[in-house]
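Counting from 1, the numbers follow the sequence of the chain as shown.
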Amino acid sequence: MAITLAEEKRRMKRHPGIVFRDGAAGRRPATADGPQVWVLARLFREQPLDGEAAIEAAASDTAEQMELPTGVVLAAIRYYLEYRDEIDEWLRDLDEYSERARADWLSKQKLPAG
């Protein structure tokens with residue numbers, strides 16, 4: 001646990017505006033004033049993030065969609081860019097879980113899967 005907390009502290013120092021919160025899936029990075037990073041990543045990860053102008057445009061678009069300050073989204077984007085593989089893996093896991101849960105629900109409803 002001490003190693004985890006030390007790593008989280010290091011990441012928060014490198015990424016002001018990012019904190020770690022406990023949740024159903026364990027501790028995850030979140031914006032200090034808003035949602036978890038993965039929630040925002042779903043919106044901006046498909047946008048071009050190759051350069052400061054593109055990052056700022058993605059932050060502006062996402063901030064508008066989520067009704068958040070642009071700085072909050074910028075913090076999430078910068079964190080995502082450094083830990084992209086980790087966050088993309090969480091998103092894949094969530095998608096797989098959602099699909100399994102949907103299929104299970106459909107099978108119980110005796111509805112067609114399509």
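F44 and L94 fall within a single hydrophobic cluster, where Ile, Leu, Val, Met, Phe, Trp and Tyr are joined by side-chain heavy atoms under 4.5 Å apart, directly or via other members.
A salt bridge between R100 and D104 is absent, with no side-chain N of the basic residue lying under 4.0 Å from a carboxylate O of the acidic one. At a threshold of 4.0 Å, the pair E56-R78 does not count as salt-bridged, since none of the basic side-chain nitrogens sits closer than that to a carboxylate oxygen.
Between the NZ atom in K9 and the CE atom in M12 there is a gap of 8.5 Å [rounded to 0.5 Å]. The distance from atom CZ of R21 to atom CD of E8, rounded to the nearest 0.5 Å, is 12.0 Å. Atom CG in D88 sits 11.0 Å away from atom CG in D93 (nearest 0.5 Å). Distance CD/Q65 to OG1/T62: 5.5 Å, rounded to 0.5 Å. Rounding to the nearest 0.5 Å places CG of L106 at 11.5 Å from NZ of K108. Taken from CG in D95 to CZ in R42, the straight-line distance is 4.0 Å, to the nearest 0.5 Å.
Among all heavy-atom pairs drawn from P48 and A54, the shortest one is O-CB, 3.3 Å. Summarising the geometry of A76 relative to V37, their closest heavy-atom pair is O-CG1, 3.8 Å, with the distance given to 0.1 Å. When every heavy atom of S60 is checked against every heavy atom of T70, the shortest pair comes out as N-CG2, 4.1 Å.
Taking 4.5 Å as the limit, some side-chain heavy atom of I55 sits within range of a side-chain heavy atom of L81. Between L40 and L68, the closest side-chain pair of non-hydrogen atoms falls below 4.5 Å. For the pair M66/V72, no side-chain contact is recorded, criterion being any heavy-atom separation below 4.5 Å from C-beta on. Using a 4.5 Å cut-off on side-chain heavy atoms (C-beta onward), Y80 and L49 make contact. Put simply, the side chain of R45 does not reach to within 4.5 Å of the side chain of I87, judged on heavy atoms. Side chains of H15 and Y83 form a contact here, defined as non-hydrogen atoms less than 4.5 Å apart.
Not one N or O on the side chain of R14 forms a donor-acceptor pair closer than 3.5 Å with the backbone of Y79.
Here the rule is salt bridge (Lys or Arg N to Asp or Glu O under 4.0 Å) with E86, and of R11, R92, R28 only R11 fits it.
Atom CD of E67 sits in a sparse spot, with 12 or fewer heavy atoms from other residues, nucleotides or ligands closer than 6.0 Å. For E64, the CD atom counts as loosely surrounded, since its 6.0 Å shell holds 12 or fewer non-hydrogen atoms of other residues, nucleotides or ligands. Heavy-atom neighbours of D33 CG from other residues, nucleotides or ligands within 6.0 Å: at or below the threshold of 12.
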